[in-house]
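Below, each value reflects all heavy atoms present in this structure, side chains not excepted, and no hydrogens, waters or symmetry copies. Every value quoted in this text rests on a predicted model; they were computed, and no experiment measured them. Positions are given from 1 along the sequence.
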Amino acid sequence: MVNFEDMNENYSSPLLDELLNQITPAEQELIDYKMKLAAKIYAGLKAKGWKSLDLARALNLKSPSLVSRWLSGTHNFTIDTLVDIQRLLGIRLLDVEPAMPVRGLHTNFTVDVAPVSLREEVYGPLQKVINGTGGVQAAALAADR
C-alpha cells in the first residue's frame with residue numbers, strides 16, 4: 001500500500017476530481033472551519049501535553065472516542081462544548097467580539113420657537129436644556145420673553 005505522505009506529487013483521480021467539484025463554496029467554508037477547529041484543539045492538546053483521553057476525562061465524556069471525532073474535523077460542535085474545550089485547554093476557539101466597534105447614535109437638532117407662545121411649565125424645562133448647551137441662546141430667549 002502506498003503511503004501518501006511519502007509521495008512527492010499531488011494525487012489525483014477522475015473520481016476524486018468529480019467529487020471535489022460537487023462541493024459548493026458554502027460547504028467548503030464549513031469544512032474549512034471544522035478542520036481549523038480540529039487543528040486548534042489538537043494544538044491545544046499538544047501544548048498542554050495531553051492526549052485525547054486526558055481531554056475526555058477532563059470533560060467527563062462517556063465515550064473517549066468522541067474526542068477522536070472532534071479531531072477528525074467532521075464533528076458539529078455545540079457552543080457549550082467549544083467553551084468547555086477552550087477553557088480546559090487555555091485556547092481561543094470562539095471569537096465573539098464585534099468586528100467593528102459599535103458606535104452610538106448622536107443626533108443634533110434645533111427647534112425654533114417663540115418663547116411667548118410656550119406655557120411656563122414647558123418654557124422652564126426648555127430653558128434649562130438650552131442653558132446646558134449654550135448660555136447665549138438662553139439669554140436671547142429670556143430677552144424675547
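- The CG atom of L45 sits 7.5 Å away from the CD1 atom of I91 when rounded to the nearest 0.5 Å.
- Using a 4.5 Å cut-off on side-chain heavy atoms (C-beta onward), L37 and W70 make no contact.
- Cluster partners of L19 are L15, counting Ile, Leu, Val, Met, Phe, Trp and Tyr whose side-chain heavy atoms approach within less than 4.5 Å, directly or via other members.
- Of the possible donor and acceptor atoms, none in the side chain of Q86 sits under 3.5 Å from a partner among the backbone N and O of R92.
- A heavy-atom distance below 4.5 Å is found between the side chains of T81 and I85.
- The shortest distance between side-chain heavy atoms of L66 and R69 falls below 4.5 Å.
- Taken to the nearest 0.5 Å, the CG atom of L94 stands 9.0 Å off from the NZ atom of K40.
- The line from CD of E27 to CG of L30 is 8.5 Å long, rounded to the nearest 0.5 Å.
- Under the 4.5 Å side-chain criterion, counting only non-hydrogen atoms from C-beta, K34 is not in contact with H75.
- Cluster annotation: Y33 is not connected to L20 through the hydrophobic network of ILVMFWY side chains, with a link wherever side-chain heavy atoms come within less than 4.5 Å.
- Side-chain contact between R57 and L53 is present, with heavy atoms from C-beta onward closer than 4.5 Å.
- By the 6.0 Å contact criterion, CG on D17 is enclosed, its count of non-hydrogen atoms from other residues, nucleotides or ligands being greater than 12.
- To the nearest 0.5 Å, the span separating CG on L55 from CG on L61 amounts to 7.0 Å.
- The side-chain heavy atoms of Q22 and E18, taken from C-beta on, include a pair separated by under 4.5 Å.
- Under a hydrophobic clustering in which Ile, Leu, Val, Met, Phe, Trp and Tyr are joined whenever their side-chain heavy atoms come within less than 4.5 Å, directly or via other members, M35 and Y42 fall into different clusters.
- With values rounded to the nearest 0.5 angstrom, L59 atom CG is found 8.0 Å from L89 atom CG.
- Here salt bridge (charged side-chain N to carboxylate O under 4.0 Å, His left out) pairs that include residues 70-90, with residues two or more places apart or in two chains, are D84-R87.
- Put simply, the side chain of F77 reaches to within 4.5 Å of the side chain of I41, judged on heavy atoms.
- When every heavy atom of L71 is checked against every heavy atom of S52, the shortest pair comes out as CD1-OG, 3.5 Å.
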